[in-house]
There are 2 protein chains.
Amino acid sequence: MAATIKDVARMANLSIATVSKYINGGHVIDANRVAIEEAIRQLDYRVNTMARGLKTRRTKSIGVLIPSVRMIFCMDMISAIEDELSREDFSTLICDCQGRPEQEERKMAFLLEKQVDGVIMMPSSSSSVAARMALAAGIPLILVDRPLPDIAADSVLVDNMTLAKAATTELLRAGHQRIGVICGPEDIYTTKQRLSGYYEAYEADNTQVASDCISFSDYSLEGGYKSLEKLMSLTEPPTAVLATNYETTIGAIMAINRAGLRIPGDLSFVGFDGLDMSTLIKPELTMALQPVQQIGEQAAKLLLGRLTANNKSDSGKSSIYGSDADMIPKREIMLAGKLTQGSSIAKMKI
Amino acid sequence: MAATIKDVARMANLSIATVSKYINGGHVIDANRVAIEEAIRQLDYRVNTMARGLKTRRTKSIGVLIPSVRMIFCMDMISAIEDELSREDFSTLICDCQGRPEQEERKMAFLLEKQVDGVIMMPSSSSSVAARMALAAGIPLILVDRPLPDIAADSVLVDNMTLAKAATTELLRAGHQRIGVICGPEDIYTTKQRLSGYYEAYEADNTQVASDCISFSDYSLEGGYKSLEKLMSLTEPPTAVLATNYETTIGAIMAINRAGLRIPGDLSFVGFDGLDMSTLIKPELTMALQPVQQIGEQAAKLLLGRLTANNKSDSGKSSIYGSDADMIPKREIMLAGKLTQGSSIAKMKI
DNA sequence: ATAATAGCGCGAAACGTTTAGCTCTGTCAA
DNA sequence: TTGACAGAGCTAAACGTTTCGCGCTATTAT
């Protein structure tokens, strides 16, 4: 039904090889170029990706494996990845493992089955099984947001510690001593990092941490809401709160409002992620912003880099155990976040 | 590098054809089955999807084209679609056109280039160019959430009118006359339908619509926030408000809280989508719920149906202009929403 | 005028499957 | 005992590309 390169060649009175050459950016004389273009147009010819893939051993597709499709952070990141990759004509297979490691393995198997050329993965737990699978399949793997111990792969991270430290310091400077912090799940990398930042700020300020003000959640809107309620129901509630992702920020604000508390009058507040929100809500929130866009972009670029490296090595002689790409040392990109200046922090009277 | 079916055949001392037969569910005698399984395991063999696709003329992938990846509704739907399709070993290519029709066309071209077996599309506008492209390529197309005039394709819709009417009626029954409604963009199908429902409820109640209480937005959190502010700053503000999607619901609640209004004391409220939220927030919100999960599920099933129909017809003689699948009349699935019983509506004193 | 060279185009062999149609083996009914 | 038949496996031809290496033509240098 659909036209093949053979049809194009026939219509243009040329050989298949010549048409193929043209399609892949090769040079043909003008008259032929015109003939080919015309034939392609008339036949509505499209390259058969499978035939091509069979020859080139590439699917021109990459897999993205994330914990959940319901976190704004993930979606924004994916959006950036997709943008970058589609520019190079790569398609993106998105897999959501719902935070469960066994699903993560299943989905990774699925991606490998689909023969993606590479994988960008945001680990759901500290399990490295899925990551190992990709490595074993010999395709490039990029880790984002969270590294994995003992997995040698490129990674794109945010300097969460510094960011959380900056946010906490800001609150300490305003005179707050009991600062509530709404964290994610206790065993997750970003939670640990952000919490370290929180501790470090206290240490640098020579203040003692109010450890009852640390609340773990599941990074969800509901989690943020509940955490805030819990914090405010302490016998000695915090005078300031730091939420550590978008969903908990929204949830916390809802709870704050519901409780009739005013920001910053009754409670100082620093949120996380979601620039758009901070500019709109009154008073403008002081927020810790992750460079989400950049994370996705960098991850995609890193991956594309690996893929072309693979490409090149294929035409040369390649070692038995993997391509030259393996020779390129693993890179770890650490991106800096930043703190916006809102008016959601009030000075404590001393 | 990677093992092929040939390697498996060699190791199992069988022909390629036999191995292929086994892989595709055919029957082989027990001893051979064991040998094949062992060889596959040892070689870590995986079917080469491209070689297979080249023969079968299927990619086992489908495209999903949506207006924006940042709307919870879309993501939840995609999640359901993906779930359903991956069960059948289909992969899902997600394309976000950022609400722009020209992007929609570009992305559709991309999907066709990638030779997806079918497309599920939530139209971004009333333009049917992209839809036509899919149809012209001869692949099944399923429209979700919004139909397209003069496009004969299966569709999965929600009975928005009835749902919005029910929500409005609930408010009218409580004695409210000036009901603010936060709509989406004016020219979008769901906006029109939900607004019709709003009008119909008024009509059925023999009450005159307060047309200054109708506010259009872009369905975003910010939009909801602003719309609510606008409504409440009217000389005669509404006594109740209906938001018509998840994002505007969240935004509106934020604005309500910010303004120091109490629900339902100062303002009655009905939200839209996002079950999880309604159960948590106090007071529990009365909400209009779309069966998002079901939409995705139905769309996927409809598509799978078309694909297998195509399959079958291929082995028989098929007409020149498309397959027998074209003979199956286009189906329109209309799903019902439902209203939760919260306590965010207060009776007006008469 | 001739040799060297560069630029294009071509033939043909792969890539790893699926599948139609054949052969072979063994079983069972007559 | 033989013929029919079923079950299992095999051979070989496709599917639509890319790409290597060769041959042809025309241009330039000698």
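All chains are named by letter (A, B, ...) in the order of the sequence lines, taking the proteins before the strands, and each is independently numbered beginning at 1.
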Grab the [atom1]-[atom2] distance between [X] and [N] for me, whole Å please.
X	N	atom1	atom2	answer
A:Asn24	D:dG16	CG	C1'	13 Å
B:Ile5	C:dC15	CD1	C1'	14 Å
B:Ile23	C:dT19	CD1	P	12 Å
A:Lys21	D:dC20	NZ	P	12 Å
A:Arg33	C:dG7	CZ	C1'	16 Å
B:Lys6	C:dT18	NZ	C1'	14 Å
B:Lys55	D:dT17	NZ	C1'	14 Å
A:Asp30	C:dG7	CG	C1'	14 Å

Salt-bridge contact [X]-[Y] (side-chain N to carboxylate O under 4.0 Å):
X	Y	result
B:Lys114	A:Asp89	no
B:Asp117	B:Arg306	no
A:Arg33	A:Glu37	yes
A:Glu113	B:Lys60	no
A:Glu104	A:Arg100	no

Notebook entry, point to check: Would you say B:Arg57 reaches C:dT18's phosphate, i.e. side-chain N/O to OP1/OP2 under 4.0 Å?
Noted result: no

Item checked: Test log, rule side-chain hydrogen bond (donor to acceptor under 3.5 Å, both in side chains), inputs A:Thr59 and A:Gln115 -> CA-CA 7 Å; A:Thr59 51; A:Gln115 284 166 287; over 6 Å; no

Note to self: For A:Arg106, is the CZ atom crowded, meaning more than 12 foreign heavy atoms sit under 6.0 Å from it?
What the structure shows: no

Next item on the list: Scan residues 38-53 of chain A against DNA chain D and write down, sorted by residue number, each residue with any heavy atom closer than 4.0 Å; if none is found, say none.
Entry: A:Tyr45, A:Arg46, A:Asn48, A:Ala51, A:Arg52

Notebook entry, point to check: Heavy-atom contacts under 4.0 Å between residues 8-20 of chain A and DNA chain C, which residues?
Noted result: A:Leu14, A:Ser15, A:Ala17, A:Thr18

Check: Knowing that exactly one of B:Leu303, B:Leu307, B:Ile81 qualifies, which makes a side chain to side chain contact (heavy atoms under 4.5 Å, CB included) with B:Phe90?
Finding: B:Leu307

Next item on the list: Test B:Lys301 against B:Asp154 for salt bridge (charged side-chain N to carboxylate O under 4.0 Å, His left out), laying out the working first.
Entry: CA-CA 11 Å; B:Lys301 284 195 172 142; B:Asp154 295 328; over 6 Å; no

